[in-house]
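Notes to accompany the following structure.
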Amino acid sequence: MGNNYFLLTNQLNEAETRVVTSIVNHIENGDERMGIAQIAAENFVSTAFIIKMCKRLGYNGYTELVYRLSQQKENRQESNAFELKALIDNYSREDVQRFVSYLRQFHDRKMFVVGAGFADIVAEYISQRLAVSGFMAFNRVHFYDYMLFRNENAELMQTNVEPAVIFAISQSGETDVVLGDVRRALQHGFRVVSFTKRRSSSLAALSDLTFVVDGAQGALVSSVPNPFFGKVVLAFDELLGVYFRGEPG
């Protein structure tokens with residue numbers, strides 16, 4: 001059972017935990033009309049067993065338990081959307097869903113993350129986050145160098161040519177090394193997801209999907225504090241969370 005559902009699990013025995021987990025799984029899959037008889041059959045218990053459990057947890061019955069769990073799901077989704085809206089200036093549910101679809105589509109392919117200066121630190125974080133989450137992600141290996149290496153190895157060219165996604169971070173959206181990697185990625189069919197401060201930048205124009213972060217703050221000079229880089233990290237984590245929870249943006 002996910003940590004997003006709050007029950008006093010220390011009050012549940014093994015059979016009761018299976019029952020609640022089964023209910024949660026149905027809710028997560030969009031099936032909130034499952035009857036108590038169905039849940040009882042799936043978990044090899046009686047309906048009386050489930051009703052007794054609900055009463056002990058402080059609910060009037062099975063229906064109230066399902067309703068409360070469903071409300072927690074809705075509240076969590078609203079909270080997540082609020083967080084993303086606070087971090088991404090041009091937030092849209094459709095863009096979040098596109099981001100998630102890229103992760104699903106390219107899960108088993110090599111992904112790249114590029115940045116320069118402070119953005120390279122963010123790129124390193126994102127690549128590490130993707131790596132520990134089960135993706136093949138690389139940073140500090142410029143796309144140009146990667147493609148050159150493949151061009152010099154015909155066998156690799158035949159086996160590892162599948163395009164994937166490249167994540168690009170540039171505060172100004174005009175960083176030469178980042179733009180160079182993005183252009184080369186596009187030549188080889190990669191999708192481009194960018195994080196930038198300027199929606200009218202060259203990087204945004206080249207991207208399939210652009211998230212504008214801290215765009216209301218017009219200055220691009222290295223002022224202190226500069227929230228752009230920290231907000232990109234937070235935004236990426238929130239987006240990755242949507243992917244793993246399997247929920248709408």
Side-chain angles (χ1 to χ4, degrees), residues 84 87-88 95-96 98-153 156-157 159-198 201-215 220 222 225-244:
L84 282 170
L87 293 166
I88 298 172
D95 283 349
V96 174
R98 284 180 66 194
F99 176 90
V100 169
S101 72
Y102 288 161
L103 291 184
R104 289 174 179 159
Q105 181 180 357
F106 303 120
H107 182 274
D108 297 322
R109 300 185 186 180
K110 293 181 175 68
M111 300 178 178
F112 286 85
V113 193
V114 296
F118 285 114
D120 183 57
I121 299 173
V122 177
E124 172 67 15
Y125 173 85
I126 290 176
S127 66
Q128 291 291 332
R129 172 64 76 186
L130 287 169
V132 299
S133 300
F135 297 91
M136 292 184 290
F138 300 89
N139 182 38
R140 297 201 178 107
V141 179
H142 290 310
F143 199 82
Y144 174 86
D145 299 326
Y146 173 70
M147 294 308 303
L148 181 63
F149 174 75
R150 289 202 327 196
N151 286 334
E152 292 175 349
N153 293 268
L156 282 175
M157 282 292 291
T159 58
N160 292 325
V161 294
E162 292 181 314
V165 60
I166 184 169
F167 300 95
I169 305 100
S170 172
Q171 184 173 213
S172 67
E174 304 296 341
T175 309
D176 288 340
V177 66
V178 173
L179 293 176
D181 287 347
V182 166
R183 290 189 178 103
R184 186 165 293 272
L186 286 170
Q187 291 173 1
H188 293 273
F190 274 62
R191 297 289 187 180
V192 179
V193 176
S194 63
F195 294 84
T196 183
K197 199 167 186 169
R198 296 177 58 232
S201 63
S202 299
L203 179 59
L206 291 170
S207 301
D208 297 285
L209 181 59
T210 299
F211 293 110
V212 178
V213 176
D214 204 37
L220 293 174
S222 298
N226 183 349
F228 171 78
F229 303 104
K231 284 186 175 181
V232 171
V233 168
L234 293 174
F236 190 87
D237 274 355
E238 289 290 338
L239 290 166
L240 195 61
V242 174
Y243 165 81
F244 279 112

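In what follows, residues are counted from 1 in the order of the sequence shown. What you see is a predicted model; the values in this text were computed from it and never measured.
Taking all atoms of both residues into account, the shortest heavy-atom contact from Val177 to Ala116 is CG1-CB, 3.7 Å. The two residues Ser207 and Ser194 make their nearest non-hydrogen contact at OG-OG, 2.8 Å. Closest approach of Pro163 and Arg109 over heavy atoms only: O-NH1, 2.6 Å. Here the shortest heavy-atom pairing between Leu179 and Gly173 reads CD2-O, 3.8 Å. The shortest non-hydrogen separation linking Leu87 to Val213 is O-CG1, 3.8 Å.
In this structure, the side chain of Thr196 does not engage the main chain of Val212 through any donor-acceptor pair within 3.5 Å. At least one donor-acceptor pair under 3.5 Å links the side chain of Ser201 to the backbone N or O of Arg198. Side-chain atoms of Arg98 come within 3.5 Å of backbone atoms of Asp208 as a donor-acceptor pair (strictly under, hydrogens ignored).
For the pair Arg129/Val113, no side-chain contact is recorded, criterion being any heavy-atom separation below 4.5 Å from C-beta on. Counting heavy atoms from C-beta on, the side chains of Leu203 and Thr210 never come closer than 4.5 Å. Side-chain contact between Gln105 and Val165: absent, with no pair of heavy atoms (C-beta onward) separated by less than 4.5 Å. At a threshold of 4.5 Å between non-hydrogen side-chain atoms, the residues Ile88 and Asp95 do not count as touching. The closest side-chain heavy-atom distance from Phe229 to Gln171 is below 4.5 Å. You'll find the side chain of Tyr102 reaches within 4.5 Å of the side chain of Leu209, heavy atoms only. Contact annotation: the side chain of Asn139 approaches that of Asp120 to within less than 4.5 Å [non-hydrogen atoms, C-beta and beyond]. Annotation: side chain of Phe228 is in contact with side chain of Ile169 (closest heavy-atom distance under 4.5 Å).
The aromatic rings of Phe211 and Phe99 stand perpendicular to each other, their planes meeting at an angle above 60°, with 30° marking the opposite boundary.
Taking CE from Met111 and CZ from Phe138, the interatomic distance works out to 11.0 Å, rounded to the nearest 0.5 Å. Distance check, rounded to the nearest 0.5 Å: CD of Glu162 to CZ of Phe190 gives 9.5 Å. The distance from the CG atom of Leu186 to the CD1 atom of Ile166 is 8.5 Å, given to the nearest 0.5 Å. Taking OH of Tyr243 as the start and OG of Ser101 as the end, the distance is 11.0 Å to the nearest 0.5 Å. In this structure, Leu234 CG and Leu239 CG are separated by 11.0 Å, a value rounded to the nearest 0.5 Å. Atom-to-atom distance recorded for Asp181:CG and Ser170:OG is 11.5 Å, nearest 0.5 angstrom.
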Test ring pair (Phe, Tyr, Trp, His ring centres under 6.0 Å) on Phe236 and Phe167; report intermediate values, then the result. CA-CA 10 Å; Phe236 190 87; Phe167 300 95; 5.7 Å; yes

Could you walk me through whether Ser202 and Glu174 pass the side-chain hydrogen bond (donor to acceptor under 3.5 Å, both in side chains) test, one step at a time? CA-CA 6 Å; Ser202 299; Glu174 304 296 341; 2.7 Å; yes

